[in-house]
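Some notes on the structure that comes next.
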There are 2 protein chains.
Amino acid sequence: MLQTLHRQDGAPRMTPSPSCAGCGHASVCQASGYDRAELSGLRHIAERIGPLRTGEYLYRPLSPFRAVYAVQSGMAKTVAVDVAGREQVLAFHLPGELIGLDAIDRELHDNAVVALGKTQFCRFPYHAIRQVATSQPDVPWHLMHAASQRITRLQLSGGNYLAEERFAAFLVDMRDRRAVLGLSADYLPLPMSRADIGNHLRLTTETVSRLLGRFRQRGMISLDRQGLHVTDLKTLRELGQSLLMH
Amino acid sequence: MLQTLHRQDGAPRMTPSPSCAGCGHASVCQASGYDRAELSGLRHIAERIGPLRTGEYLYRPLSPFRAVYAVQSGMAKTVAVDVAGREQVLAFHLPGELIGLDAIDRELHDNAVVALGKTQFCRFPYHAIRQVATSQPDVPWHLMHAASQRITRLQLSGGNYLAEERFAAFLVDMRDRRAVLGLSADYLPLPMSRADIGNHLRLTTETVSRLLGRFRQRGMISLDRQGLHVTDLKTLRELGQSLLMH
DNA sequence: CGTTTGCTTGATGTACATCAATCCCCGTGG
DNA sequence: CCACGGGGATTGATGTACATCAAGCAAACG
């Protein structure tokens, strides 16, 4: 289970707004750039959703696209389901990361988003975003940057690499994203199942388990029930370097 | 491995062009939506580049991001090179498809774009796009749609599927994209090497060759030196359906 | 508690890679 | 015109990274 996020003590407060005033998760929005004055309109249209609990859906495949979302606290996964019923975990989302940009083009969500542990979301209605964009021209470019980043990430993760490289890169990537957000970085909570991790990395649960064991044996990580501790980031980063952004 | 990156050298020649009037490739731009009045500004900032020949670069890794591009005629590939020197073919680009959106976020191209056969490009300087966007607010949203589409495609292709499924989906996808652009759809020119196709699909040249042979034997395609003819689209689409958009 | 559910660990299987010829174009020079 | 060379394509034999199958185990949960 994920605990509630703690606000950074020395972090500057963001400007109060109808929706975001008093939100306990301001620091992650700041880390994601939502506190910039040119994007202030986004704060005013944000709606809170949740908390959702493990396995509950934010949206389902084939639901119409009406908004983009961001995790506020907790963690979520995006899952695609194909015609044969096979599932594919496309991403794990940390607080502040935009969800649903892939649905803009066809105005249709072809994926599901599922909460992993108690999770809260922010909802940004698309019509409101378009409205805000007319007075704040940086807004669409902010989305564009988020989309650009997502494309870069997907391109890297699509590559043909060994299980060990992909898994190391996965851990380091998650660590780095948490560091940017001001969350505990050496400790990674893993509210998703081994099956989810494996599916995401095109591996089986057994292989994930074996990799975790191997990394633990080599002193790169230490495991507990809720997640893992990164104890040798340098080695881990070297293993995954081909798959990581610089 | 792939030698193309080291084969040819030479800076692309650029021809400034105030508008698209008289461009012989207007139909593909039309198919891609560039003829809409709300995007007319894009036509006025387009510059022609090329023609480039097989193996010549549009841009190289680590070059600064100053523009997005579109293929005008011919075909191109995007190639990522990691720290270990391994290459990964990320995409093959048909006329009208935007190239370089992944570089917007970090203002840096971490990939190369290489011509496959005699290929012409359109260049859209980023500062000019931003300028045009101030008077034509649909412009950033057009890019956003292109990015959204790219994300959807990458998510699909990242999945864990059999070689046969991926290859069938690749052929059908290319066929469908050509159909949208008004190009010959049953006939697919393949100016890239088997190695390029295989690399893109996480397969070896040998496997690509065997798949082509198998598909030919089953009467799904017929091969010639320059490309292939799709003779049983239905079966091909069924094979690849899990990986295709609907 | 017992049952369930997910995790771990070992033995065996397989899709595809790798290795290795051979073939087939196509360009080049005589 | 043909001889020759070389890079890509095909085809077959063998290897391997990871999946699949199978069994035990430990935490979670009613």
Side-chain angles (χ1 to χ4, degrees), chain A residues 1-2 53-55 77 86-89 114 116-118 159-170 188-218 221-228 239 242-243, chain B residues 1-8 53-55 77 86-89 114 116-117 159-168 170 188-218 221-228 239 242-243:
Chain A
M1 294 295 99
L2 267 196
R53 299 205 262 174
T54 301
K77 63 174 175 182
R86 284 178 289 190
E87 297 191 358
Q88 165 77 14
V89 175
V114 184
L116 299 165
K118 184 177 165 186
N160 196 15
Y161 294 98
L162 299 177
E164 230 175 54
E165 299 178 280
R166 285 209 298 279
F167 190 59
F170 168 73
L188 307 181
L190 296 176
M192 73 293 272
S193 66
R194 302 284 193 266
D196 279 340
I197 298 174
N199 182 308
H200 177 55
L201 299 172
R202 303 195 294 267
L203 302 170
T204 56
T205 67
E206 294 93 329
T207 300
V208 171
S209 192
R210 279 185 252 266
L211 287 168
L212 282 167
R214 209 185 298 171
F215 284 5
R216 183 168 43 73
Q217 256 186 300
R218 295 192 210 159
I221 60 172
S222 68
L223 281 164
D224 65 36
R225 185 107 320 243
Q226 321 266 350
L228 61 81
L239 253 183
S242 297
L243 267 144
Chain B
M1 264 292 140
L2 300 183
Q3 293 299 338
T4 15
L5 284 187
H6 313 288
R7 191 187 301 147
Q8 292 260 5
R53 296 198 278 180
T54 301
K77 63 175 177 180
R86 284 179 289 190
E87 298 187 358
Q88 165 77 16
V89 175
V114 184
L116 299 165
N160 196 16
Y161 295 98
L162 299 177
E164 229 176 53
E165 298 178 280
R166 285 208 298 279
F167 190 60
F170 168 75
L188 307 181
L190 298 175
M192 73 293 272
S193 66
R194 302 285 192 267
D196 279 341
I197 298 174
N199 181 308
H200 178 55
L201 300 172
R202 303 195 293 267
L203 302 169
T204 57
T205 66
E206 293 94 328
T207 299
V208 170
S209 193
R210 279 185 253 265
L211 286 168
L212 282 168
R214 211 186 298 172
F215 284 5
R216 183 168 44 74
Q217 256 187 303
R218 296 192 210 157
I221 60 172
S222 68
L223 280 164
D224 65 37
R225 185 103 322 242
Q226 320 267 349
L228 61 81
L239 252 183
S242 297
L243 267 143

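We name chains A, B, ... by the order of the sequence lines, and we start the count at 1 in each one. The shown structure was predicted, so the numbers you read here are calculated from the model rather than taken from an experiment.
Rounding to the nearest 0.5 Å places CZ of B:Phe167 at 6.0 Å from CD1 of B:Ile221. For the atom pair CG (B:Leu212) and CG (B:Leu190), the distance works out to 7.5 Å, reported to the nearest 0.5 Å. Considering CG of B:Leu203 and CG of A:Asn160, their distance stands at 8.0 Å, rounded to 0.5 Å. The distance from atom CD1 of B:Ile197 to atom OG1 of B:Thr207, rounded to the nearest 0.5 Å, is 12.5 Å.
Taking every heavy atom of both residues into account, B:Ala195 and B:Thr205 meet most closely at CA-CG2, 3.2 Å. Summarising the geometry of B:Leu223 relative to B:Arg194, their closest heavy-atom pair is CD2-NH2, 4.4 Å, with the distance given to 0.1 Å. Considering every non-hydrogen atom in both B:Val208 and B:Gly198, the closest pair reads CG2-CA, 3.5 Å. Heavy-atom minimum distance, A:Met192 versus A:Leu116: CB-CD1, 3.9 Å.
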Protein and nucleotides 1-5 of chain C: nitrogen or oxygen contacts under 3.5 angstrom:
none

Return the polar atom pairs (N/O with N/O) between nucleotides 20-24 of chain D and the protein under 3.5 Å, or none.
| from | atom 1 | to | atom 2 | distance (Å) |
| --- | --- | --- | --- | --- |
| D:dT20 | O4 | A:Arg210 | NH2 | 3.1 |
| D:dC21 | N4 | A:Glu206 | OE2 | 3.0 |

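The interatomic distance linking B:Gln226 (CD) with C:dC26 (C1') rounds to 12 Å, in whole Å. The nearest whole Å value for the distance from the CZ atom in B:Arg166 to the C1' atom in C:dA17 is 13 Å. Put simply, CZ on A:Arg225 is 8 Å from P on C:dC7, counting in whole angstrom units. A:Asp196 places its CG atom 12 Å from the C1' atom of C:dG6, with the value rounded to the nearest Å. Atom pair A:Phe167:CZ and D:dA19:P shows a separation of 13 Å (rounding to whole Å applied). Between the CD atom of B:Gln217 and the C1' atom of D:dT11 there is a distance of 12 Å, given to the nearest Å. In this structure, the CZ atom of B:Arg194 is 14 Å from the C1' atom of D:dG7, given to the nearest Å. The separation between B:Asp224 atom CG and C:dC24 atom C1' is 15 Å, rounded to whole Å.
When the shell of 6.0 Å around CZ of B:Arg218 is examined, it contains more than 12 heavy atoms from other residues, nucleotides or ligands.
Distances from the side chain of A:Leu212 to the nucleotides C:dT8, D:dA17, D:dA27 place C:dT8 closest. Comparing D:dA17, C:dT8, C:dA17 by their nearest atom to the side chain of A:Leu162 picks out D:dA17. Taking every side-chain heavy atom of A:Ser209 into account, C:dT8 is the closest of D:dC18, C:dT8, C:dC25. In the set D:dA9, C:dT8, C:dC7, C:dC7 carries the atom at the smallest distance from any side-chain atom of A:Ser193.
Here B:Arg202 lies in heavy-atom contact (under 4.0 Å) with sugar-phosphate atoms only. At the heavy-atom level, B:Arg214 lies nowhere under 4.0 Å from the strands shown.
Looking at residues two or more places apart in sequence or on another chain, you find a side-chain hydrogen bond (donor to acceptor under 3.5 Å, both in side chains) between B:Glu165 and A:Arg86.
Across the interface with DNA chain C, nearest-nucleotide mapping of B:Tyr161 and A:Leu223 shows A:Leu223 to be the residue nearer the 5′ end.
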